[in-house]
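Structure first, then comments.
Throughout, a chain's letter reflects where its sequence line sits, starting with A, and its residues are numbered from 1. On a predicted model such as this, the values are computed, not experimentally measured, just so you know.
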Amino acid sequence: MKLKNFICSEFIKLKKSYIFLIMLIFPLINALATYIVFNNTLKNVNKNAFLSGSNAWNYVFLENSVSTKWLFLMVALLSVIVALIHGLDRDTNSLKTILATPLKRESYYIYKFTITFVLMMVVIVINTLLLFTVGKIVGVTAAIEIKSILKLLATQTLTIVGICAIQNYFSVFSKNILSAISIGVICSIVGLGLCSEQPAIAKFFPYSYPIFLNQSKGLDINTGIIFSLVYGLIFMIFGTIKFKKADIA
Amino acid sequence: MGKLIRIEFLKIKKSNVSNAAIGITLISLLTTLSGMTAIKETSPEGIWESLYIITMSTYSLFFYPILISIVVTMMVRLEYQNNMWKVLFANPVNKMKIYMAKLSCIFIIVGLAIGVTTLGMVTFGVIKTGDFTNIPSYIVLTPLKAYVASLAAITILYFISLRFKNFFIPLSIGFLGIFTSFFTTVSDKLYPFNPLGYASVLILKGNNTENFNMLILISAILMLITLFFIRFSFNNKDIT
């Protein structure tokens with residue numbers, strides 16, 4: 001009940017901050033980019049998918065994440081969203097007021113994490129729906145496999161749990177909110193590089209787990225999910241304990 | 001004007017702007033260093049070419065657009081955060097001069113960052129080849145051209161961050177620029193429509209025989225138009 005109230009009031013706060021516009025624009029541009037890629041370079045989707053030996057829909061999703069770097073952009077968008085949600089309270093100095101209410105500090109930290117996670121899930125779902133539209137326009141004839149699509153959605157959401165927790169941690173405790181964004185974006189580039197060049201190190205770097213979905217050599221998505229959940233748990237526990245003791249000035 | 005620019009530099013001395021610029025430059029040089037061991041070429045031309053590709057392919061697509069958007073956003077947010085615009089505009093200085101001083105400061109920071117990256121690349125190349133007389137001209141010229149071509153993007157982002165008080169709109173638009181430069185570098189027709197990707201296009205395609213001086217011209221025109229927009233929309237703005 002408390003969580004529902006908190007999320008509702010948070011959405012009211014976000015209403016006039018253009019966040020929903022940005023959440024729509026990123027997937028829209030991604031869909032446009034995918035359309036351009038399929039129209040210019042990869043003509044005849046069904047034949048290409050048959051040659052690569054996979055279902056045509058899976059081929060569309062994989063090609064989307066490889067050629068337009070959607071997964072990297074998703075992490076960048078995540079760091080911006082997390083920073084905005086924390087920045088709303090920090091910029092107007094209303095964090096003091098919120099923490100003066102009988103709301104527990106642990107709950108505040110966990111609720112903020114929940115909101116970022118929910119917003120990212122919305123972005124991922126919107127992106128998938130738009131990609132379906134693009135696939136229909138490009139002319140994919142294969143039947144839709146709901147099981148594989150659900151698996152894709154689940155893997156995308158589960159691999160960003162760790163990054164969500166880490167970004168929450170940095171956004172709360174860093175002095176400048178923009179430095180938290182910089183950390184997130186630069187780390188996601190480093191993760192992108194590590195995945196292609198040094199897969200052995202990429203297994204332990206939380207920002208590279210979403211990029212495991214590109215199916216490059218030697219990277220198993222299941223290890224990514226497990227490590228991501230472990231990182232998320234560690235940073236949530238650590239952050240909650242630190243936030244409980246921190247002075248709010 | 002010179003004094004105003006010097007004051008801008010004093011402001012950012014202890015802020016995160018310089019940290020971000022230095023950090024991004026260092027990380028891009030580190031990627032070069034890690035990729036240098038993998039070079040298997042033996043001829044000097046081959047070494048220079050693979051060095052250029054290793055450094056500039058990631059730098060132009062990721063680090064440079066991020067550097068631009070973060071530096072612009074931070075510089076403008078610095079004033080919004082402490083409510084300093086009022087104080088600045090209360091000075092007996094032309095408003096446009098204040099805007100231009102900030103913009104010049106951003107230009108200088110970005111130029112320094114790309115210059116240091118190019119210098120680092122040249123140093124690595126000289127160490128690898130052991131010869132500093134035969135440096136190919138495109139190694140230095142293409143980043144310079146790309147810098148000039150990206151001035152329009154910087155000015156547009158500056159305009160957007162002045163227009164919206166919220167920091168994350170210019171930042172998101174900068175990130176969208178990275179996104180769009182992926183497919184504008186691929187396609188041959190679309191790249192003139194994306195000012196945020198001019199630098200990437202120039203760096204990735206410019207060392208071939210193709211001539212991209214047209215892009216620099218378009219960039220200059222766009223920059224002038226944006227400056228006029230800044231002049232007309234903010235010069236007579238109320239101080240709030």
State, to 0.1 Å, how close [X] and [Y] come at their nearest heavy-atom pair, and which atoms those are.
| X | Y | result |
| --- | --- | --- |
| A:S182 | B:M74 | OG-CE, 4.2 Å |
| B:L171 | A:I181 | CD2-CD1, 3.3 Å |
| A:L73 | B:F175 | CD1-O, 3.9 Å |

| said: For the CD1 atom of B:I173 and the CD1 atom of A:I22, what is their distance to the nearest 0.5 Å? | reply: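 Between atom CD1 of B:I173 and atom CD1 of A:I22 there are 6.5 Å.
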| query | Atom CZ in B:F63, atom CD1 in A:I186: separation rounded to 0.5 Å? | reply | 7.5 Å
Within a reach of under 6.0 Å around [atom1] of [X], are more than 12 heavy atoms found that belong to other residues, nucleotides or ligands?
| X | atom1 | answer |
| --- | --- | --- |
| B:K165 | NZ | no |
| B:F229 | CZ | no |
| B:F164 | CZ | yes |

| message | Counting C-beta onward and ignoring hydrogens, is there a side-chain heavy-atom pair between A:V80 and B:S172 closer than 4.5 Å? | response | yes
| query | If we only count heavy atoms from C-beta on, is the A:I189 to B:I27 side-chain gap below 4.5 Å? | reply |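 No; the side chains remain at least 4.5 Å from each other.
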| remark: The interface call for B:Y80 against chain A, heavy-atom contacts under 4.5 Å, is neither
| A:L178 versus chain B, heavy atoms under 4.5 Å apart: side chain, backbone, both or neither? |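 Both parts, backbone and side chain.
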| message | Given heavy-atom pairs under 4.5 angstrom as the criterion, report whether the side chain, backbone, both or neither of A:I19 touches chain B. | response | both
